[in-house]
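Here is the structure we will look at.
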Amino acid sequence: MFTPTRRTILAAPAAALLADAQDVKLPPESRRLLSSKYEAARFAALLLPRSHWNPYPRATDRAAWQALPPDLRTAFIEAANRQKGQPWPSLPATVFLDFQRNGNRTRFEALSFGRRNRLRQAVLAECMEGEGRFLDDILDGLWLVCEESFWGVPAHIGAQKAGNGLPDISEPIVDLFAAETANTVAWTDYLLGSQLEKLSPLIRPRLLAEVRRRMLDPCATRNNFGWMGLDPQHQSPLNNWTPWIDSNWLAANLLMEQDETRRSATAYRILNSIDRFLDYYHPDGGCDEGPSYWSRAGASLFDCLELLHSASSGRLDYFGAPLVHAIGTYIYKAHIAADWYVNFADASARVVPIGNLVWRYGQRIQDPGMIAHGAWIAAAHPKPQVEPDALGRAIDVVFHAKDLRAASAAARPPLVRDVFLPGVQVFAARQGQGSTDGFYVAAQGGHNAESHNHNDVGNFIVFHNGEPVLIDVGVEMYTAKTFSSRRYEIWTMQSGWHNCPTINGVAQQAGRRFEARSVTSSTDDRAALFALELQHAYPPEAGVKLWRRQVRLDRTANSVSIQDQFQLTRTQSVELSFMTIRQPKEAAPGELHLEGGFVLRYDKSLRAVIDDHSSADARLQPIWGPLVRRIRLSTTTPPAEGGYTVTITRV
């Protein structure tokens, strides 16, 4: 049975993701890592004319579609059959206003995404079956989408001059989902154009007019969409919005723009936007938004570069850039075991990247580890991995299904032993290369104005035999509060609900100046070490002169230790927090036992307090269950200078 991959992320406006925008250090003048390879005229000459570009077989190429694996075709057709003939969701204005009225964003999104997912399923099913049974459903879906006032979602309409509320149709706003809708319309037109013309000669001109009005024209005439990075007067750090929208904009432009001069100029403009996104990346390729956002950051970069590669018969090839390589390999460097990934910031702890995307990216950059990781994901998730919101990606999945299945037969994930990404200050280490046996630890430095930031400088997680011991809870379902001035009222965003210290009753604060310093890492066959200074992550009222944390994986003793050394100007209290889903029980002073055979040993002067917190949130419960626990090791008589060590071992 075909099961669309569950949407794992919901996005927020880029500007709203910055905790303290005035503190953010902007990059220097663009490095033009990609666009400098070919200037505009040469770029245009290398791009194929629209009429000569045939990236995938159209629906009329029955041999190509019928050659797909029979079980794959059956799964897609059955999925579309289940919705065929059902009423289409209505999109009431009152539901659109939910976000303004009460902060709810899920009711409208469920209706809007439901329309688009049904349309994409019908398109793929019609291409696979080829009998015309789904054409009326496709026609209805396209017409409904064309009649919508806004192709995006209420959470993003605040970018219009009129602000939050109903959309102003005289000011088209290009957000993530307006771009995805343009992508869906463009690929539908490409695949089924001749069939649509038989239904009515007016359909395809309407589709082109709507894509022009809602995306191609605004993006050609405006520089001040923040995600573009093209307005030198109004710039802030870019995140997944840039490649995500750029990839959809590029596909719509290449597929539908009929003016060849404008088509090539727009493609080059998009390449410059991608360059601005890359300007904010460190050479290590680390994604400060986390692995779940990699699918719309690094993987959308791949989408962009692959479209250009395809639309030029391989002559526009940007995959040799070292940064492109590093951004790709991040996804397997952040892998822990099974579906567990290092989940700092708003990332989810359980992630299922699209195996085809990882595998294809790995092939383009010729990285054996990434190729193996993508093939292993596909083997671990044998049902068709198709995002319901990405028609272009779905087409690529089905036409590489045979080859990927063959590659997946004996694939194993690389399970890298030691990782240190000095730019984003993320460290990870496991007991041995290629194995999930024993302890695994990951930790981070960074700063508290990162994209999708949590106040979590110095946070760490611990796994054993591929299962969580100490965790980063992650983030609940997004609401209006999530990306507002009240973001840090949310418990999951606060340092006290991460594996971080609270010093003299004071938690970390948000902003670029609240950061780690003196971050180092070292590793050998006996141990892996990560060290950093945390005092600058706290405001002056914390009364901390120095706080140096060392996270150590001892491969000889098979243990993890957290050593905190500090100097305080006030000695009111120190509290060390440890998040877990395992039931803790105090066995003796200085010793806690965790369900599953784990022991935390610590200074006997510290008092252990256990807090339960509900995780019965639609996003958290599937990962952690209904409850998470916080262990607080605290004292009201800390020394002015001293330290504490906590060691995690097996019984």
Side-chain angles (χ1 to χ4, degrees), residues 284-286 290-292 294 326 328-344 347-353 355 358-359 361-362 367-382 407-421 426-444 460-472 499 521-530 550-562 580-582 594-600 623 647-651:
D284 58 33
S292 57
W294 179 89
T329 60
Y330 165 82
I331 192 59
Y332 69 78
K333 293 173 183 174
H335 180 228
I336 302 170
D339 295 340
W340 297 105
Y341 287 76
V342 177
N343 69 311
F344 302 135
S348 294
R350 275 187 167 153
V351 181
V352 183
V358 178
W359 180 67
Y361 198 145
D367 186 273
M370 193 171 186
I371 293 170
H373 193 62
W376 168 80
I377 293 169
H381 299 275
S408 299
R412 290 178 55 84
L415 299 174
V416 180
R417 191 186 79 167
D418 298 301
V419 174
F420 181 48
L421 305 174
V426 168
F427 154 91
R430 65 177 77 242
Q431 190 71 19
Q433 177 73 26
S435 173
T436 60
D437 293 345
F439 277 106
Y440 173 99
V441 62
Q444 69 164 359
F460 65 92
I461 58 174
V462 176
F463 277 63
H464 186 271
N465 290 348
E467 294 296 328
V469 180
L470 299 177
I471 66 170
D472 184 315
N499 301 319
S521 175
S522 62
T523 182
D524 58 30
D525 290 342
R526 295 172 298 171
L529 301 175
F530 179 70
Q550 178 180 277
V551 180
R552 174 186 173 94
L553 169 65
D554 189 323
R555 294 190 168 107
T556 303
N558 194 20
S559 66
V560 174
S561 62
I562 312 300
T580 186
I581 54 172
R582 297 175 182 270
L594 298 184
E595 178 185 1
F598 299 94
V599 180
L600 266 66
I623 302 171
T647 302
I648 303 106
T649 60
R650 288 280 287 173
V651 174

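Model, not experiment: these values are computed from the prediction.
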| request: Might you work through the side chain to side chain donor-acceptor pair (under 3.5 Å) test for Y440 and N465, ending with a clear yes or no? | output: CA-CA 8 Å; Y440 173 99; N465 290 348; over 6 Å; no
| Check against side-chain contact (heavy atoms from CB on, under 4.5 Å), R582 and E467 | CA-CA 11 Å; R582 297 175 182 270; E467 294 296 328; 3.9 Å; yes
| query | Stepwise, does the side-chain contact (heavy atoms from CB on, under 4.5 Å) test hold for F420 with F530? | reply | CA-CA 9 Å; F420 181 48; F530 179 70; 3.8 Å; yes
| request: Using the ring pair (Phe, Tyr, Trp, His ring centres under 6.0 Å) rule, take H335 and W376 through it: C-alpha gap first, then chi angles, then the decisive distance, then the call. | output: CA-CA 12 Å; H335 180 228; W376 168 80; 5.0 Å; yes
| Going through the checks in order, is the side-chain contact (heavy atoms from CB on, under 4.5 Å) test met by Y330 and V419? | CA-CA 10 Å; Y330 165 82; V419 174; over 6 Å; no
| said: Please evaluate residues I331 and Y341 with respect to the criterion side-chain contact (heavy atoms from CB on, under 4.5 Å), reporting the C-alpha separation (whole Å), side-chain torsions for both, the decisive distance (0.1 Å), and the verdict. | reply: CA-CA 9 Å; I331 192 59; Y341 287 76; 4.2 Å; yes
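Although no hydrogens or angles enter the test, the distance criterion places no donor-acceptor pair under 3.5 Å between the side chain of T647 and the main chain of S561. Distance alone, capped at 3.5 Å, is enough to place a donor-acceptor pair between the S408 side chain and the A375 backbone. A donor-acceptor contact shorter than 3.5 Å is absent between the side chain of Q431 and the backbone of T556.
Between I581 and P468, the shortest heavy-atom distance links the atoms CD1-CG, 4.2 Å. The minimum heavy-atom distance between I461 and D472, with the atom names listed, is CG2-N, 3.4 Å. Considering all non-hydrogen atoms of both residues, P353 and I377 come closest at O-CG2, 3.2 Å. Here the closest non-hydrogen pair linking M370 and T329 is SD-N, 4.1 Å. For A337 against T436, the heavy-atom pair with the smallest separation is CB-CG2, 3.5 Å. Nearest heavy atoms, R412 versus G434: NH2-O, 3.4 Å.
Between V441 and F427 the shortest side-chain heavy-atom distance falls below 4.5 Å. The shortest distance between side-chain heavy atoms of F463 and V342 does not fall below 4.5 Å. By the 4.5 Å heavy-atom criterion applied to side chains, D367 and Y361 are not counted as neighbours. The shortest side-chain heavy-atom distance between N343 and S348 does not fall under the 4.5 Å cut-off.
Atom CZ in R526 sits 5.0 Å away from atom CG in D524 (nearest 0.5 Å). Between S435 atom OG and R417 atom CZ the span is 12.5 Å, to the nearest 0.5 Å. How far CD1 of I648 is from CD1 of I562: 5.0 Å, rounded to the nearest 0.5 Å. Separation of atoms OG1 (T580) and CG (L594) is listed at 5.0 Å; rounding is to 0.5 Å. Note that NE2 of H464 is 5.0 Å distant from CG of N558, once rounded to the nearest 0.5 Å. Rounding to the nearest 0.5 Å gives a distance of 10.5 Å between OG1 of T523 and CZ of R552.
Stacking of R430 on the aromatic ring of F439 is not recorded, the 6.0 Å distance cut-off and the 45° axial limit not both being met.
Of the charged side-chain nitrogens involved, at least one lies within less than 4.0 Å of a carboxylate oxygen, so that R555 and D418 count as a salt-bridged pair.
Heavy-atom neighbours of R650 CZ from other residues, nucleotides or ligands within 6.0 Å: above the threshold of 12.
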